[in-house]
Amino acid sequence: MTSGFPSLVCMHPRSSVLPRALLVAILFAMIAAVSWPLRGPIYRGVAPAVAESSALSAVFSTLASYGLLILVATAGILALVNLLRNRAAFWRLVCGGVGVVVAYAASEGIKLLVTEQRPCRVWTVDTALACPAAGDWSWPSNHSVLAAAFATACLLAVRRVGWFTVPVALMIGISRLAVGVHYLHDGASGLALGTAVVAVSVVVLRPVVDRLPRRWVDAPSPESALVR
């Protein structure tokens with residue numbers, strides 16, 4: 001197998017995408033750190049205002065509850081299309097998919113260690129969604145972790161879908177604050193974790209994909225590729 005093959009499969013042809021993803025993760029982590037001391041005022045200012053507006057409540061509740069399905073469906077469509085048309089993009093998406101699983105597992109582990117109470121159990125305010133049960137910890141936001149992870153996996157597989165997946169992931173993170181079930185730093189930390197873990201996973205898994213049977217990873221001819 002040629003030495004250039006791993007970078008074709010698990011790295012986007014424009015290699016600047018990966019360091020940019022890590023920079024975005026750092027930015028989200030900084031937002032989380034800055035917003036943590038202000039978590040109470042931010043939460044009490046946003047959540048009740050959304051709950052009082054029927055329109056905002058409906059929009060953010062839908063995003064908070066079902067927004068992840070949009071990204072899951074997008075990843076599934078990309079996987080199917082690129083399995084048939086562009087194996088390089090398909091295997092980049094597989095590498096990112098492993099990162100999604102790792103990011104979620106890390107998020108669950110962190111929750112169990114930190115055990116931060118949900119803000120809706122700390123502050124008595126109206127919220128658009130019912131407060132999760134006691135013991136369902138707040139930091140980081142699993143929805144934000146998965147949203148960022150799926151969005152990053154799709155972006156690293158097929159760069160042009162980033163215009164869609166990235167805003168959806170951001171809106172999911174914001175919606176979890178808006179409906180009253182998370183602090184701002186929960187969402188920002190989740191976005192940072194999901195982005196960083198997937199980006200690192202894509203790099204780490206390059207040697208693994210390089211060892212797969214060649215018939216599994218040979219890409220169709222460029223002329224037949226549907227998505228590049």
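If you're wondering where the values come from, they're calculated on a predicted model, not measured in any experiment.
Val198 and Gly99 get closest at one heavy-atom pair: CG2-C, 3.7 Å. Residues Pro140 and Ser189 come closest through the heavy atom pair CB-CB, 4.2 Å. When all heavy atoms are compared, the tightest approach of Val181 to Ala130 is CG1-O, 4.0 Å. Here the closest non-hydrogen pair linking Cys120 and Thr127 is CB-CG2, 4.4 Å. Considering all non-hydrogen atoms of both residues, Ser107 and Val145 come closest at OG-CG2, 3.7 Å. Between Leu93 and Ala75, the shortest heavy-atom distance links the atoms CD2-O, 3.5 Å.
The distance from the OG1 atom of Thr195 to the CD1 atom of Ile26 is 11.0 Å, given to the nearest 0.5 Å. Thr62 OG1 to Leu69 CG: the interatomic distance, rounded to the nearest 0.5 Å, is 11.5 Å. Atoms CG and CZ, on Leu71 and Phe164 in that order, are 7.0 Å from each other to the nearest 0.5 Å. Summarising the geometry, atom CD1 belonging to Ile42 is positioned 5.0 Å from atom CG belonging to Leu184; distances are rounded to the nearest 0.5 Å. Between atom CG of residue Leu63 and atom CE of residue Met171 there is a gap of 5.5 Å, rounded to the nearest 0.5 Å. Distance CH2/Trp91 to CG/Asn82: 13.0 Å, rounded to 0.5 Å.
Screening residues 22-51 for side chain to side chain donor-acceptor pair (under 3.5 Å), with sequence neighbours left out, gives no hits. Pairs passing the salt bridge (Lys or Arg N to Asp or Glu O under 4.0 Å) check and including a residue from residues 115-136, sequence neighbours excluded, read Arg118-Asp136. Pairs passing the salt bridge (Lys or Arg N to Asp or Glu O under 4.0 Å) check and including a residue from residues 178-202, sequence neighbours excluded, do not occur.
Note: the hydrophobic cluster containing Val122 also contains Val50 (ILVMFWY, side chain heavy atoms under 4.5 Å, direct or indirect links). Linking ILVMFWY residues whenever their side-chain heavy atoms come closer than 4.5 Å, directly or via other members, leaves Phe28 and Leu23 in distinct clusters. Residues Tyr183 and Phe60 fall within the same hydrophobic cluster, defined by Ile, Leu, Val, Met, Phe, Trp and Tyr side chains chained together at heavy-atom separations under 4.5 Å. Clustering ILVMFWY residues whenever any of their side-chain heavy atoms sit less than 4.5 angstrom apart, transitively, puts Val203 in the very cluster that holds Leu156. Tracing side-chain contacts under 4.5 Å through hydrophobic residues (I, L, V, M, F, W, Y), one reaches Leu177 starting from Leu129; they form part of the same cluster.
Here the side chain of Ser53 pairs a donor or acceptor atom with the backbone of Leu56 at under 3.5 angstrom. At least one donor-acceptor pair under 3.5 Å links the side chain of Thr152 to the backbone N or O of Ala148. In this structure a side-chain-to-backbone donor-acceptor pair under 3.5 Å is missing from Arg176 to Ile172.
No side-chain heavy atom of Lys111 sits less than 4.5 Å from a side-chain heavy atom of Trp139. By the 4.5 Å heavy-atom criterion applied to side chains, Thr165 and Phe150 are not counted as neighbours. Taking the side chain as every heavy atom from C-beta outward, Ile110 and Leu193 approach each other to under 4.5 Å. With contacts defined as side-chain heavy-atom distances shorter than 4.5 Å, the pair Ser201/Cys95 does not qualify. Residues Trp137 and Asn142 form no side-chain contact, since every pair of their non-hydrogen atoms from C-beta on lies 4.5 Å or further apart.
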Report task. Go through Val197 and Tyr104 one step at a time and tell me if the side-chain contact (heavy atoms from CB on, under 4.5 Å) criterion holds. Result -> CA-CA 10 Å; Val197 170; Tyr104 178 74; over 6 Å; no
